[in-house]
Amino acid sequence: MKRTIGFIGLGIMGKPMALNLLKAGHSLIVNDLVPEAVNQLTAAGATAAQSAKEAAEKSDIIITMLPAGQHVKAVVLGENGVLEGAKEGSILIDMSSITPDVSKELAKKAEEKGVYMLDAPVSGGEIGAINGTLAIMAGGKEEIFESVAPVLYDMGETVVLVGDNGCGVTAKLANQIIVNLNIAAMSEALVLAAKAGIDIEKMFQAIRGGFAGSAVLEEKVPKILERNFVPGGPISINLKDMNNVMTTAHEIGVPLPLSSQLLEIFHALKADGLEKEDHCGVVKYYEKLANVEVK
Ligand code: NAD
């Protein structure tokens with residue numbers, strides 16, 4: 001079934017996700033603070049909305065793909081926001097990576113207006129967004145999830161309802177621990193190998209089929225060998241995620257020793273002016289410690 005979808009937040013991830021919805025035949029009403037981002041979507045067939053409110057008024061489903069919790073709160077609850085415009089019975093799908101407490105608060109405020117909400121963050125990076133192969137982890141009521149699952153499949157390859165509101169973003173926090181610690185472990189290994197003087201490309205070929213093989217290794221080793229740190233997932237966004245991981249963990253009494261060290265590594269990279277680089281830039285932290293470059 002083709003739907004009318006409001007899409008707010010057309011950045012690294014939102015733009016290709018919105019383009020895939022257009023390709024699937026849905027009608028799109030788009031909004032972003034950056035006019036150039038909006039223009040790229042209208043050129044592909046979307047209609048521009050002047051505000052989140054207008055995008056919501058004209059849609060049955062509203063998708064938000066924004067940087068962090070404060071942006072989602074402003075766009076959903078703020079003046080000229082989604083809840084000022086959304087029709088009763090419409091469905092708000094927030095696909096941003098935020099904390100479960102903010103997500104649950106938004107779901108409650110939406111429900112007071114007769115609007116259903118799902119949290120449905122994604123993993124797979126820009127490349128997954130472009131190819132429509134994202135892993136989507138959702139939280140919310142089952143019947144609401146079922147009613148929009150085909151739309152989610154237009155952007156992703158695996159779409160799983162994890163539980164009630166907040167469960168999707170919690171799964172995403174867990175996902176970020178695994179991805180970013182993987183990158184850190186890979187970085188330590190690459191720096192060891194580089195300083196020992198072995199051929200990194202040959203080492204990659206030797207180990208990728210074994211237990212060390214991973215999506216992280218496949219995507220990031222070639223990037224590092226090319227010294228290509230264009231994001232992808234920038235350090236700034238992953239720093240935000242690891243902050244969210246630590247806050248959420250501490251609120252429920254979970255110490256995370258490895259994640260807290262990684263958070264400090266991200267802060268060191270930020271202090272070095274590298275926060276706009278891809279998160280595989282973690283390797284530069286280790287390179288500095290060992291005075292060697294992986295190439
Ligand atoms: P981005 O910064 O590239 O894009 C965010 C967009 O939101 C920008 O175009 C910005 O102009 C827009 N925006 C901000 N405030 C707005 C407002 N008030 N009204 C309208 N538009 C507004 O971010 P991104 O990389 O696309 O990430 C979006 C979300 O997806 C984040 O929560 C991020 O953690 C998550 N995520 C990112 C990646 C990745 O690899 N980049 C992967 C998975 C998940």
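Predicted model only: the values in this text are computed from it and were never measured. First listed ligand is number 1; within each ligand, the first listed atom is number 1.
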Quiz item: Does S123 have a non-hydrogen atom less than 4.0 Å from ligand 1?
Solution: no

Exercise. Could you find the nearest protein heavy atom to atom 30 (O) of ligand 1 and give me its residue, atom name and distance?
Key: M65 CE, 3.1 Å

Exercise. Identify the protein heavy atom lying closest to atom 27 (O) of ligand 1, giving its residue, its atom name and the separation to 0.1 Å.
Key: I237 CD1, 3.8 Å

Quiz prompt | Best match, G128, A52, P67, G9: closest heavy atom to atom 5 (C) of ligand 1 | solution = P67

Quiz prompt | Taking atom 34 (O) of ligand 1 as the reference point, the nearest protein heavy atom with its distance | solution = K240 NZ, 2.8 Å

Quiz item: Just going by heavy-atom distances, which of L66, D278, L10, N31 is nearest to atom 13 (N) of ligand 1?
Solution: L66

Quiz item: Please state which protein non-hydrogen atom is closest to atom 35 (C) of ligand 1 and give its distance, to 0.1 Å?
Solution: S97 OG, 3.5 Å

Practice problem: Output yes when K195 and E188 qualify as a salt bridge under the 4.0 Å nitrogen-oxygen rule, no when they do not. | Solution: no

Quiz item: What atoms of ligand 1 come within less than 4.0 Å of a heavy atom belonging to V75?
Solution: 17 (C), 18 (N), 19 (N)

Quiz item: In terms of atom number and element, which parts of ligand 1 are under 4.0 angstrom from non-hydrogen atoms of V34?
Solution: 11 (O)

Self-check item: contact_flag A37 ligand 1 heavy-atom lt 4.0 Å
Solution: no

Quiz item: Out of curiosity, is K172 lining ligand 1, as in a heavy atom under 4.0 Å away?
Solution: yes

Quiz prompt | 4.5 Å side-chain heavy-atom contact, E218 and F204 | solution = yes

Quiz prompt | Sub-4.0 Å heavy-atom contact, G125 with ligand 1 | solution = yes

Quiz item: How many angstroms lie between atom CD of E277 and atom CG of N228, to the nearest 0.5 angstrom?
Solution: 9.5 Å

Quiz item: Do the charged groups of K53 and E79 touch, with an N to O distance under 4.0 Å?
Solution: no

Quiz item: Among V169, I127, V122, whose heavy atom sits nearest atom 44 (C) of ligand 1?
Solution: V122

Self-check item: Protein heavy atom at shortest distance from atom 40 (O) of ligand 1
Solution: G233 CA, 3.3 Å

Quiz item: Among all protein non-hydrogen atoms, which one is nearest to atom 9 (O) of ligand 1, and what is the separation to 0.1 Å?
Solution: D32 OD2, 2.7 Å

Quiz item: Within 45° of the ring axis of F229 and under 6.0 Å from its six-membered ring centre, is that where the NZ or CZ of K284 lies?
Solution: yes

Self-check item: Candidate with minimal heavy-atom separation from atom 3 (O) of ligand 1, of T64, I8, I12
Solution: I12

Self-check item: Side-chain donor-acceptor pair present, S90, D60, cut-off under 3.5 Å
Solution: no

Quiz prompt | Top protein contact for atom 39 (C) of ligand 1, by heavy-atom distance | solution = M13 SD, 3.6 Å

Exercise. Return the residue, atom name and 0.1 Å-rounded distance of the protein heavy atom closest to atom 41 (N) of ligand 1.
Key: G232 O, 3.3 Å

Quiz item: Does K220 come within less than 4.0 Å of D278, counting only side-chain N to carboxylate O?
Solution: yes

Quiz item: Do V151 and I61 touch side chain to side chain, with heavy atoms closer than 4.5 Å?
Solution: yes

Practice problem: Pick, from L33, N80, V38, the option with the minimum heavy-atom distance to atom 17 (C) of ligand 1. | Solution: L33

Quiz item: Does the side-chain hydrogen bond (donor to acceptor under 3.5 Å, both in side chains) test come out yes or no for N238 and Q176, once each step is laid out?
Solution: CA-CA 8 Å; N238 286 280; Q176 289 310 80; 3.1 Å; yes

Practice problem: Step through the shown structure and confirm whether more than 12 heavy atoms of other residues, nucleotides or ligands are within 6.0 Å of CD on E201. | Solution: yes

